[in-house]
Number of protein chains: 2
Amino acid sequence: MSTLTAQEQVLREVRNQIASGVLKAGQQVKQDTLATELGVSRVPLREALKVLEGEGQVVYHPHRGYFVADLSVSDLVEVYRIRALLEEEALTVAIPMMTDEDVDFIEEMSNDVRIASVSGDVSAITAANRRFHFAMFECSNMPRLVRIIRTLWDSTDAYRSVYMSSTINLEHMNDEHAQMVAALRQRDVETSIRLQATHRENSVMAVSKVISR
Amino acid sequence: MSTLTAQEQVLREVRNQIASGVLKAGQQVKQDTLATELGVSRVPLREALKVLEGEGQVVYHPHRGYFVADLSVSDLVEVYRIRALLEEEALTVAIPMMTDEDVDFIEEMSNDVRIASVSGDVSAITAANRRFHFAMFECSNMPRLVRIIRTLWDSTDAYRSVYMSSTINLEHMNDEHAQMVAALRQRDVETSIRLQATHRENSVMAVSKVISR
DNA sequence: AAAGAACCAATTGGATACAATCGGGGAATG
DNA sequence: CATTCCCCGATTGTATCCAATTGGTTCTTT
């Protein structure tokens, strides 16, 4: 059984707090306060904050501390534009390389998403959704590319969960996933990319409504 | 005058050590040893390593430590492929938005590169070269995009300096820069992108020869 | 009263000390 | 001889403590 290090737990927790708005945009992260609150010392917290800095979730000013970055709508659009470029590349490379077993696996993942959808557990759905999409990306054998895409997902994870809490959105999502798997079966790069694109569009629209409150 | 924090100094130093091969690929970074060597404690070193982890320069295994990532030729090709996608996007957005002052500024930067080239100071050349290219990218007003591109540059900075130590390469480079500025003057997106692409090709070829030793 | 200097509280930056974990080497076992 | 188990040293992970920096406040000066 793997015991998670404090920095890993803290990283997840702080991500959630930023996502859920407990830590508000622009606000300074008071290390001592937050560390105490999380039941750890400042050292692992600081390491977690460095990771978040690398992801652009917080900005760091030496001797002044870490501040929660605010994700404006234009930031969001930018993130999704970059995702579009990189995910298109990933799929273009990945699909021709996929074995039948790969596609089977991806289909399993999509079934997991559907199962999670029924349960209504939002964090389970988002996790399963990630596994589905990254199962595709991973087939590209471009680890650095996948890494960057993952970072981009991380930086908007919080907001995406909003999208996932609507039943009607979930239905659409599962339909799109099914269509995608069908396209993969035929190694139809063009259709897959188009589906992935509309998938993103839907999500960015939903999320930007949430942000611009 | 600004006093650099230890983590910032350490970050630069460790980057150089990875780049120059003092820290070899695959090797574990022994924190205590390295920290002592750099005259600091392990805390700032660990924070620097977290940044490098985010850049993919080192990989982290909990309870086992940080290991220098090895940059294979295929990694290099991947990095340059991603750069191609993102830099093309940056220029496509940036060029139509450029004011005459922006182009003037970029031209100045290209002159700086030429001046540095004469001096033969490799680190000065690479720094000036970066300023030139990022002066263009920055005009896109896409901070996250520029950030990612910068990270990609960081992860191959070390190797690029090899390219910069050859006089003949430097001549080519300065020629290409001049052509690029000319294309920018006319807001010729297509030509600029093509030039930027050949620029990258030249560099990736030179660097992969170095790596595959 | 406005401008500047000098202090001070709050907060971060870093060093040291201690706890937890891992991998390897050797003993025990088949 | 191969294999498993256990222990221990090396190394990392975290807590605590102290130093350094910052921004704001107050006091002084003109």
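Taking the six-membered ring where the residue is Trp, A:H133 and A:W153 present tilted rings, their angle falling between 30° and 60°.
Remark: A:Y66 is not in phosphate contact with C:dG13, judged by side-chain N or O atoms under 4.0 Å from OP1 or OP2. Residue B:R46 places no side-chain N or O under 4.0 Å from the OP1 or OP2 atom of D:dT12. Note on A:R42: every side-chain N or O is 4.0 Å or more away from OP1 and OP2 of C:dT12. The side chain of B:Q28 places no N or O atom within less than 4.0 Å of a non-bridging phosphate oxygen (OP1 or OP2) of D:dA10. Note on B:Q31: a side-chain N or O is less than 4.0 Å away from OP1 or OP2 of D:dG13. Note on B:Q7: a side-chain N or O is less than 4.0 Å away from OP1 or OP2 of C:dG14.
Distances were taken from every side-chain heavy atom of A:S41 (C-beta onward) to each of D:dT14, C:dG14, D:dT11; the shortest belongs to D:dT14. Checked against D:dT12, D:dT22, C:dG23, the side chain of B:R64 finds its nearest nucleotide in C:dG23. When distances are taken from the side chain of B:A6 to each of C:dG14, C:dT21, D:dT14, the shortest belongs to C:dG14. Closest to the B:V43 side chain, of the nucleotides D:dT21, C:dT16, D:dT14, is C:dT16.
Within the nucleic acid shown, B:V10 has no heavy atom closer than 4.0 Å to any nucleic acid atom.
For the pair A:K30 NZ and C:dG13 P, the interatomic distance rounds to 15 Å; values are reported in whole Å. Between the C1' atom of C:dA15 and the CG atom of B:L45 lies a distance of 13 Å, rounded to the nearest Å. When the C1' atom of D:dT21 is taken as reference, atom CD of B:E8 falls 13 Å away, rounded to whole Å. The distance from atom NE2 of A:H63 to atom P of D:dT21 is 6 Å, rounded to the nearest whole Å. Residue B:H61 contributes atom NE2, which lies 10 Å from atom P of C:dG23 at whole-angstrom precision. The distance from atom CG of B:L38 to atom C1' of C:dG14 is 14 Å, rounded to the nearest whole Å. Atom C1' of nucleotide D:dT11 and atom CD of B:Q27 are separated by 15 Å, given to the nearest angstrom. Put simply, CG on A:D32 is 11 Å from P on D:dT16, counting in whole angstrom units.
For A:H177 and A:H199, the gap between ring centers is short of 6.0 Å.
The 5' end of DNA chain D is approached more closely, in terms of each residue's nearest nucleotide, by B:G65 than by the other of B:G65 and A:P62.
More than 12 heavy atoms of other shown residues, nucleotides or ligands fall within 6.0 angstrom of atom CZ in B:R185. With a 6.0 Å radius and a threshold of 12 heavy atoms from other residues, nucleotides or ligands, A:F105 has its CZ atom at or below the threshold.
Residues B:T36 and B:D32 come closest through the heavy atom pair OG1-O, 2.7 Å.
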